[in-house]
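Notes follow the structure.
Quick note on labels: first sequence line is chain A, next is B, and so on, each numbered from 1. No hydrogens, no waters, no symmetry mates; every other heavy atom, side chains included, goes into these values.
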2 protein chains.
Amino acid sequence: MEKPKEKPEGGASDAALRDFVGYNMKRAFNVLQADLARTLEPFGLRMLTFSALSMIVENPGLRPSQLAEALSVERANVVVYVDQLEEAGWVTRAPSETDRRAYALQCTLAGRQVYEKARAAVRAHDRRMLDGLREVEIAAVKKALMRIEGRG
Amino acid sequence: MEKPKEKPEGGASDAALRDFVGYNMKRAFNVLQADLARTLEPFGLRMLTFSALSMIVENPGLRPSQLAEALSVERANVVVYVDQLEEAGWVTRAPSETDRRAYALQCTLAGRQVYEKARAAVRAHDRRMLDGLREVEIAAVKKALMRIEGRG
DNA sequence: CTTGGATAGTTATGTAGCATAACTAAAGGG
DNA sequence: CCCTTTAGTTATGCTACATAACTATCCAAG
């Protein structure tokens, strides 16, 4: 009977997993997500409410189903995001003039203001995350991420 | 009273969000994660049980707390992953010889075998995700991901 | 015009990933 | 020997996200 060897201390290496992009991406995304959540928290926004607000500011009159499609989330969840943005007074559900089932999402003045401030904070967060990388590398990363996304 | 304009169709653009690495990363990660889950499912593995199995194969005698530390997950959740690996007969909890509170995690022959097969599948998945990217771009991505992870 | 199937938004509900708190047993230092 | 810390576990809660079912409305074929 052979003694089961024990890993003494400190030596636990994830080198084998580091070979995989997915592993590195999950770890990096966890860090990024946590930092972004902290960045948005003072504004009363979360990742997805910020994304939704951005879409509504940049695409006035957007309908919830278009928002769901654009963000690749379910319509059922969009309801929750818009509820929150509406309760905060940043977004209104205006009745659509062409389809009585639908709403035209509009942002309010307050909504545009909080968006601009949050956007600046998110931009700073982005720079923080990528600090030390050259422009050409950042471009490569974005290209690669969009390539990966296209594999879905 | 001004008519609220409506976004007619198709025009919903997330261009503003595309400026942010976090947004691109979330989308890419969602796609990657889904593909990886499909890749691992035939082996009865999930992302984290695969990671745990890899760590145990590559670091025989690893203790659960070391595993938690290495994967940046809570000890409480490691219990669940090891439970699953143990139920499948791929990992054993051998009593530690130096600390009666602890276990030395060992993988079985079956564990090593399923790991090798799953690892090959994950490698193929990785290549699939990065197909079409040049080496220099892949290197940029890995560098950027590890840089981001280091910001946490 | 009407009628049947699709679509928009909503509601309720389930699941999975991950974190926290509290517990037991054992280690380890004064 | 205490007293504190640590290893593993258990119970529990939260958040993100998906699914199913429902109502109201649209739209196109008959």
Side-chain angles (χ1 to χ4, degrees), chain A residues 6-9 12 22 26-27 29-31 33-34 36-38 40-41 45-52 56 61-87 91-105 152, chain B residues 6-9 12 22 26-27 29-31 33-34 36-38 40-41 45-52 56 61-87 91-105 152:
Chain A
E6 278 187 48
K7 197 78 194 170
E9 172 57 39
K26 180 179 172 57
R27 295 190 68 113
F29 182 63
N30 281 347
V31 168
Q33 195 174 29
L36 182 52
R38 276 193 299 273
L40 288 172
E41 192 271 334
L45 288 165
R46 293 172 302 120
M47 285 190 66
L48 276 158
T49 49
F50 173 76
S51 296
I56 295 167
L62 193 71
R63 291 189 289 132
S65 57
Q66 294 174 305
L67 183 53
E69 166 73 17
L71 294 182
S72 300
V73 296
E74 294 302 313
R75 278 170 304 154
N77 298 321
V78 167
V79 176
V80 180
Y81 310 146
V82 175
D83 279 350
Q84 290 180 18
L85 293 172
E86 197 180 33
E87 275 173 38
V91 156
T92 59
R93 287 187 235 234
S96 164
E97 296 181 346
T98 60
D99 188 337
R100 277 184 299 166
R101 295 169 301 179
Y103 289 111
L105 298 170
Chain B
E6 276 187 52
K7 197 76 195 173
E9 172 57 38
K26 180 179 173 58
R27 296 190 68 113
F29 182 62
N30 282 347
V31 168
Q33 195 174 30
L36 182 52
R38 277 192 299 272
L40 288 172
E41 193 271 334
L45 287 165
R46 294 170 302 120
M47 284 190 66
L48 276 157
T49 49
F50 173 77
S51 296
I56 295 167
L62 194 70
R63 291 188 288 134
S65 56
Q66 293 175 305
L67 183 53
E69 167 72 18
L71 294 181
S72 300
V73 297
E74 295 301 314
R75 279 171 304 156
N77 298 322
V78 168
V79 176
V80 181
Y81 309 146
V82 175
D83 279 350
Q84 290 180 18
L85 293 172
E86 197 180 33
E87 274 173 40
V91 156
T92 59
R93 287 187 235 234
S96 164
E97 297 180 346
T98 59
D99 188 336
R100 278 186 296 169
R101 296 170 302 179
Y103 289 112
L105 298 171

Which is true for B/R100 with a 4.0 Å heavy-atom rule: it touches a base, it touches only sugar-phosphate, or it touches nothing?
sugar-phosphate
Please tell me if B/K26 has a side-chain N or O lying less than 4.0 Å from either OP1 or OP2 of D/dC17.
yes
Assign each of A/V78 and A/N30 to its nearest nucleotide of DNA chain C by heavy atoms, then name whichever residue's nucleotide is nearer the 5' end.
A/V78
Selected nucleotide, minimal atom distance to A/S65 side chain, candidates C/dT10, C/dG17, C/dG9:
C/dG9
Please figure out whether B/A102 or B/V80 has its closest DNA chain D nucleotide nearer the 5' end.
B/A102
note: A/E74, atom CD; D/dA18, atom P; distance rounded to Å ~ 5 Å
Once rounded to the nearest 0.5 Å, what's the spacing between atom CE of B/M47 and atom NZ of A/K26?
5.0 Å
Check whether any side-chain nitrogen or oxygen of B/R46 sits under 4.0 Å from OP1 or OP2 of C/dT15, and answer yes or no.
no
May I ask you to decide if B/Y81's main-chain N or O and B/Q84's side chain share a donor-acceptor pair within less than 3.5 Å?
no
B/L105 CG - D/dA7 C1' separation (whole Å)
12 Å
Please confirm whether the backbone N or O of B/R63 pairs with a side-chain atom of B/Q66, one donor and one acceptor, at under 3.5 Å?
yes
Would you say the side-chain atoms of B/T92 pair up with the backbone N or O of B/A94, donor to acceptor, closer than 3.5 Å?
no
Listed nucleotide nearest any side-chain atom of B/L48, set C/dA8, C/dC18, C/dA26:
C/dC18
Interatomic distance where CG belongs to B/L71 and P belongs to C/dA19 [whole Å]:
12 Å
Which nucleotide sits closest to the side chain of A/N77: C/dT10, D/dC26, D/dC17?
D/dC17
Just the rounded figure in Å: distance from P of C/dG17 to CD of B/Q84.
9 Å
Between D/dA16 atom P and A/M47 atom CE, what is the distance in whole Å?
10 Å
What's the CZ-P distance between B/R27 and D/dA16, to the nearest Å?
17 Å
If you find the nucleotide of DNA chain C closest to A/P64 and the one closest to B/R101, which residue's nucleotide is nearer the 5' end?
A/P64
What's the CZ-P distance between B/R63 and D/dT9, to the nearest Å?
13 Å
Among C/dA19, D/dT9, C/dT10, the one nearest any side-chain atom of B/Y103 is D/dT9
Among the nucleotides D/dT19, C/dG9, C/dC18, whichever has the atom closest to the side chain of A/A76 is D/dT19
Passing option when A/V91 is tested against A/D83, A/T49, A/L105 for side-chain contact (heavy atoms from CB on, under 4.5 Å)
A/L105
From CD of A/E41 across to C1' of D/dT15 the rounded distance in Å is 15 Å
